[in-house]
Undergrad: 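Please see the structure below; I have some questions.
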Amino acid sequence: MSFLGRLFGGGGTPAPPPTTVVLPDDLAAALTADGTALPVAAEAALREALAARRQAADRAAAAATQRSERVPFWLARESEEDAAIEDRLRDRLEQRRAGDEPAEKSD
C-alpha cells in the first residue's frame, strides 16, 4: 500500500500474517463439532490429509513398480494347464533332441 493510502486510511483490512489461515464458519463448525479446540482440530485434519496424500503417492509408486516388473502380455500364460502343456512339450523336444544327438555323432 502506498504512503498516501495509509495516511488517508484508503486500505481495507490488513493482510493476515503468512501462518494464519482464515476458515469459513461452516468448516470451523465441522472441525470443532466434537468439542476439540479449533487449532488442534485444524492441525489434526491437515496431518491426516497429508498422510493420505503420502500414502496415495506410495501406492502409485508401488503400482508403477509392479507394472514395470510384470510379464509382458505376449509371454503371460493364461492358466496353469497351459503351463503344464508347454512344460510337457518342452520336455518332449529335449528328449527328442537328446535322442537325435548320438545318431548324428556316429555318422
Side-chain angles (χ1 to χ4, degrees):
M1 181 184 300
S2 70
F3 172 74
L4 292 176
R6 282 184 278 161
L7 182 63
F8 295 112
T13 59
T19 57
T20 302
V21 177
V22 179
L23 293 176
D25 290 336
D26 59 333
L27 285 179
L31 287 171
T32 59
D34 61 351
T36 308
L38 184 59
V40 175
E43 181 181 351
L46 286 172
R47 290 190 187 279
E48 287 176 21
L50 289 174
R53 196 181 271 184
R54 191 177 314 114
Q55 288 174 354
D58 291 344
R59 282 193 302 268
T65 302
Q66 285 179 346
R67 267 188 261 123
S68 67
E69 293 176 357
R70 285 192 317 200
V71 175
F73 71 91
W74 60 87
L75 294 177
R77 295 180 175 159
E78 293 181 9
S79 67
E80 291 298 320
E81 293 175 12
D82 293 341
I85 291 171
E86 289 177 12
D87 290 340
R88 281 186 277 159
L89 287 172
R90 189 175 299 111
D91 290 343
R92 287 177 69 188
L93 284 172
E94 288 175 4
Q95 289 173 357
R96 187 172 288 172
R97 287 182 186 145
D100 290 345
E101 286 179 9
E104 291 175 2
K105 290 181 182 177
S106 62
D107 286 340

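Just so it is clear, the structure is predicted and the values come from calculations on it, not from any experiment.
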Undergrad: Is the closest basic N to carboxylate O distance between Arg47 and Glu43 below 4.0 Å?
TA: yes

Undergrad: Does CG belonging to Asp26 count more than 12 external heavy atoms closer than 6.0 Å?
TA: yes

Undergrad: Is Thr36 reaching over with its side chain to a backbone N or O of Thr32, donor-acceptor style, under 3.5 angstrom?
TA: no

Undergrad: Would you say Asp91 and Leu89 make side-chain contact, with heavy atoms under 4.5 Å?
TA: no

Undergrad: Evaluate the side-chain proximity of Asp87 to Arg90: yes if any heavy-atom separation is below 4.5 Å, no if none is.
TA: yes

Undergrad: Please answer: with hydrophobic residues joined when any side-chain heavy atoms are less than 4.5 Å apart, are Leu31 and Val21 in the same cluster?
TA: yes

